[in-house]
Amino acid sequence: MAELLIVLTIGAVAVLVAAMEPEALMRLGWLVAMSGLLLSTAAGLVYHLRLRTALVRAGRLPPRWWWSPTRFHGRLEAAARETFMRWFVAGGISFGVCVLGLVFVVIAAVKAGLRVR
């Protein structure tokens with residue numbers, strides 16, 4: 001059932017994008033991209049703070065841990081991972097929203113270019 005919902009959503013978005021004027025699509029793309037960027041920044045901050053807290057509690061906070069924080073996920077117990085993994089996933093999803101907005105901007109630019117010729 002979830003797969004059908006995903007396919008219908010993608011189809012509806014494709015029809016909406018095709019029907020929109022380039023200027024409106026550009027504004028929508030900008031709004032979606034900025035929303036995703038804001039949300040991913042906030043989620044990333046909370047994720048890093050919670051991961052740091054979990055690493056400190058486990059006594060495993062190495063220097064410069066933030067350069068590659070995902071390598072520490074497996075070193076923590078499941079209960080500790082629950083405190084930050086939701087934020088990790090939220091950051092990834094909101095980054096995807098940002099990329100989707102940028103795709104809308106590119107499609108709008110292409111549509112505007114095709115309309116000029």
Side-chain angles (χ1 to χ4, degrees):
M1 187 63 179
E3 294 86 0
L4 179 61
L5 183 61
I6 291 169
V7 168
L8 291 175
T9 302
I10 291 171
V13 169
V15 168
L16 178 70
V17 166
M20 290 181 76
E21 289 293 319
E23 294 81 10
L25 184 57
M26 183 75 70
R27 282 191 286 278
L28 175 66
W30 182 85
L31 180 66
V32 170
M34 291 302 109
S35 298
L37 185 62
L38 259 169
L39 291 171
S40 66
T41 301
L45 178 64
V46 173
Y47 158 74
H48 280 85
L49 291 174
R50 293 207 174 179
L51 175 60
R52 182 187 183 284
T53 301
L55 289 170
V56 166
R57 284 186 182 154
R60 299 180 181 170
L61 183 68
R64 293 187 297 278
W65 62 272
W66 60 86
W67 283 107
S68 183
T70 56
R71 66 185 163 158
F72 301 108
H73 290 183
R75 297 180 188 177
L76 295 169
E77 295 181 18
R81 280 195 306 268
E82 287 179 17
T83 62
F84 61 82
M85 283 306 290
R86 287 187 209 118
W87 293 101
F88 179 76
V89 171
I93 290 170
S94 52
F95 174 74
V97 169
C98 181
V99 171
L100 178 65
L102 295 175
V103 168
F104 288 171
V105 168
V106 169
I107 292 171
V110 169
K111 284 176 78 170
L114 292 175
R115 195 169 71 174
V116 170
R117 293 181 184 169

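If you read the sequence from its start, that first residue is 1, and numbering goes on from there. Keep in mind it's a predicted model, so treat the numbers as computed, not measured.
- The heavy-atom pair separating P69 from H48 by the smallest distance is CG-NE2, 3.7 Å.
- Between atom CG of residue L37 and atom CH2 of residue W30 there is a gap of 10.5 Å, rounded to the nearest 0.5 Å.
- L25 approaches K111 most closely through the heavy-atom pair CD2-CD, 4.2 Å.
- Taking CG from L16 and OG1 from T9, the interatomic distance works out to 12.0 Å, rounded to the nearest 0.5 Å.
- Annotation for R81: atom CZ counts as buried by contact number, over 12 foreign heavy atoms lying within 6.0 Å.
- Side chains of R50 and W87 form a contact here, defined as non-hydrogen atoms less than 4.5 Å apart.
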Requested in this report: Show the numbers, then the answer: is there a side-chain contact (heavy atoms from CB on, under 4.5 Å) between F104 and L31?
Outcome: CA-CA 10 Å; F104 288 171; L31 180 66; over 6 Å; no
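- Here the side chains of R52 and V56 are in contact, with some heavy-atom distance below 4.5 Å.
- Of all heavy-atom pairs spanning S94 and G91, the tightest one is OG-O, 3.1 Å.
- Of all heavy-atom pairs between V105 and M26, the closest is CG1-SD, 3.4 Å.
- W65 CH2: more than 12 foreign heavy atoms inside a 6.0 Å radius.
- Smallest separation of non-hydrogen atoms from A108 and P22: CB-O, 3.4 Å.
- The line from CG of L102 to CD1 of I107 is 11.0 Å long, rounded to the nearest 0.5 Å.
- The closest side-chain heavy-atom distance from L45 to T41 is not below 4.5 Å.
- Expressed to the nearest 0.5 Å, how far CE of M85 lies from OH of Y47 amounts to 7.0 Å.
- Two residues are said to be in side-chain contact when any heavy atoms from C-beta on lie closer than 4.5 Å; I6 and I10 meet this criterion.
- Note: H73 and F84 have tilted aromatic rings, judged against thresholds of 30 and 60 degrees for the angle between ring planes.
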Query raised in the report: What's the verdict on side-chain contact (heavy atoms from CB on, under 4.5 Å) for V17 and L28, showing C-alpha distance, side-chain angles and the deciding distance?
Result: CA-CA 10 Å; V17 166; L28 175 66; 5.9 Å; no
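- L8 and V13 are not part of a single hydrophobic cluster, where members link through side-chain heavy atoms under 4.5 Å apart.
- Of the inter-residue distances, the one linking R57 atom CZ with E77 atom CD reads 13.0 Å to the nearest 0.5 angstrom.
- Looking at heavy atoms from C-beta onward, I93 lies out of side-chain contact with L39 at the 4.5 angstrom threshold.
- Listed here is the closest heavy atom pair of A54 and T83: CB-OG1, 4.3 Å.
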